[in-house]
Protein chains: 2
Amino acid sequence: MTDDLVLRRQVCFALYTASRAMADVYRPILAGFGLTYPQYLVLLVLWEGEQEQPPTVSGLGARLQLDSGTLSPLLKRLEAAGLVVRRRSPADERRVAVELTPAGRALRGRMVDVPRQLAQATGLSADDLVVLRDTLTRITRTIHQHKEQQ
Amino acid sequence: MTDDLVLRRQVCFALYTASRAMADVYRPILAGFGLTYPQYLVLLVLWEGEQEQPPTVSGLGARLQLDSGTLSPLLKRLEAAGLVVRRRSPADERRVAVELTPAGRALRGRMVDVPRQLAQATGLSADDLVVLRDTLTRITRTIHQHKEQQ
DNA sequence: CGCAGTTTAGTTGTGTACAACTAAACTGCG
DNA sequence: CGCAGTTTAGTTGTACACAACTAAACTGCG
């Protein structure tokens with residue numbers, strides 16, 4: 001059916017628009033901390049792993065589904081902002097460990113309220129957000145699994 | 001609770017990742033037609049409005065939630081590809097109408113199978129895709145409505 | 001040990017996104 | 001009519017994304 005080539009029927013359009021609408025909500029909140037949306041995601045990963053070994057660039061990439069072409073300049077900017085340092089691994093000099101600075105660690109404390117602010121700014125209930133998140137996570141996993149099977 | 005600052009709990013991350021995973025599925029399919037994902041969305045709008053007046057740049061922007069900073073260079077590339085022409089409105093010379101060329105119209109016929117290919121490539125059922133799309137559309141509308149109320 | 005093949009981070013080039021700005025064209029009020 | 005204010009598309013600058021490539025470092029097989 002040629003009717004399928006209609007904008008409002010496309011899942012891609014729905015996802016694309018929803019993702020940018022959500023980014024619009026985050027942007028002003030994160031701008032208050034001098035961060036972009038992907039930079040915030042990198043910091044979330046680093047804050048999570050505080051007791052473990054600091055992740056490498058490719059480790060961050062595996063977590064966020066981003067390659068070095070995106071992460072290298074992004075990390076350079078986080079380093080310039082004084083939030084992280086990059087250190088070549090002595091054991092394997094191809095690897096670069098990304099570590100939080102004291103300022104990067106301290107930033108977490110100032111951002112604990114961000115998830116609540118976000119939920120408030122979207123006008124969505126906590127339950128709605130949880131259902132949406134879980135649906136999306138399932139969909140993403142399905143796509144990735146299906147890709148690997150080819 | 002500081003636990004909220006955990007990657008997998010963030011709706012932004014779920015949306016961001018799902019959107020890019022879906023783009024990964026579309027990319028090779030659209031590349032076969034020499035198109036990017038946003039270029040395809042612009043064509044969907046143009047194909048839909050074939051009997052009406054051709055939309056202006058801002059009309060396309062309203063439909064896709066994109067501004068001239070994004071659309072102007074994108075349309076320039078579609079024009080270079082021979083798929084659209086841009087024409088200053090004689091009645092109001094600020095406006096630029098975006099029209100399909102015969103090649104742009106013909107492309108639709110060659111792309112009728114794309115939605116089916118996509119559904120196949122995601123490994124999701126038609127029902128899953130419909131539910132996802134409707135959930136996302138609802139969420140996006142909620143965010144936009146909430147923003148206007150401020 | 002030696003070296004082909006792989007892994008890793010970074011660079012380059014293209015194409016979005018979006019904020020801030022510009023310039024041209026229109027509108028309406030006095 | 002005249003011009004302040006608005007609308008419209010385009011430009012500039014910054015920051016992702018991602019493909020393709022590069023160079024350095026490691027690995028394992030012969």
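These numbers come from the heavy atoms of this one structure, side chains and all, not from hydrogens, waters or symmetry mates.
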Subject >> Stems where DNA chain C pairs, listed by first number, each of three or more Watson-Crick or G-U pairs under 3.5 Å >> reply: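 If one scans DNA chain C for consecutive Watson-Crick or G-U pairs, the stems found are C:1-30 with D:1-30.
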
Subject >> 5'-most by nearest nucleotide on DNA chain C - A/L71 or A/D24 >> reply: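 This one resolves to A/L71.
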
**OP:** Would you mind telling me which residue lines up with the more 5' stretch of DNA chain C, B/D67 or A/G59, judged by nearest nucleotide?
**Re:**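 Taking each residue's closest nucleotide, the earlier one in sequence belongs to A/G59.
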
**OP:** Identify, with sequence neighbours excluded, every residue that meets side chain to side chain donor-acceptor pair (under 3.5 Å) alongside B/R77.
**Re:**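 None.
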
**OP:** With sequence neighbours left out, write down each residue that passes side chain to side chain donor-acceptor pair (under 3.5 Å) with B/E99, or none if nothing qualifies.
**Re:**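 Residues passing side chain to side chain donor-acceptor pair (under 3.5 Å) with B/E99: B/R87.
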
Subject >> Value in whole Å for how far the C1' atom of C/dA19 lies from CZ of A/R27 >> reply: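 Answer to the nearest Å: 9 Å.
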
Original post:
Rounded to the Å, how far apart are B/Y16 OH and C/dT16 P?
Top reply: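 So the OH-P distance, B/Y16 to C/dT16, works out to 18 Å.
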
By the 4.0 Å heavy-atom rule, please label [X] as base, sugar-phosphate, or nothing.
| X | value |
| --- | --- |
| A/A31 | nothing |
| A/A97 | nothing |
| A/S58 | sugar-phosphate |
| B/T36 | sugar-phosphate |

Side-chain donor-acceptor pairs of residues 30-39 of chain B under 3.5 Å, sequence neighbours excluded:
unit_1 : atom_1 : unit_2 : atom_2 : d
B/T36  : OG1    : B/Q39  : N      : 3.4
B/Y37  : OH     : A/C12  : O      : 3.2
B/Q39  : OE1    : B/T36  : N      : 3.1

Subject >> Below 4.0 Å: OP1/OP2 of C/dC18 and any side-chain N or O of B/Q65 >> reply: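 No, no such contact exists.
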
Original post:
For B/Q53, does the CD atom have more than 12 heavy-atom neighbours from other residues, nucleotides or ligands under 6.0 Å away?
Top reply: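 At most 12 heavy atoms, drawn from other residues, nucleotides or ligands, come within 6.0 Å of this atom.
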
**OP:** Provide the start and end nucleotides, 5' to 3', of the part of DNA chain D that has atoms under 4.0 Å from heavy atoms of chain B.
**Re:**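 For DNA chain D, the relevant span reads D/dT7 to D/dA19.
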
Throw together a table of side-chain donor-acceptor distances under 3.5 angstrom for residues 41-48 of chain A, partners on residues two or more places apart or in other chains.
unit_1 : atom_1 : unit_2 : atom_2 : d
A/W47  : NE1    : A/G104 : O      : 2.9
A/E48  : OE1    : A/R63  : NH2    : 3.0
A/E48  : OE2    : B/L7   : N      : 2.7

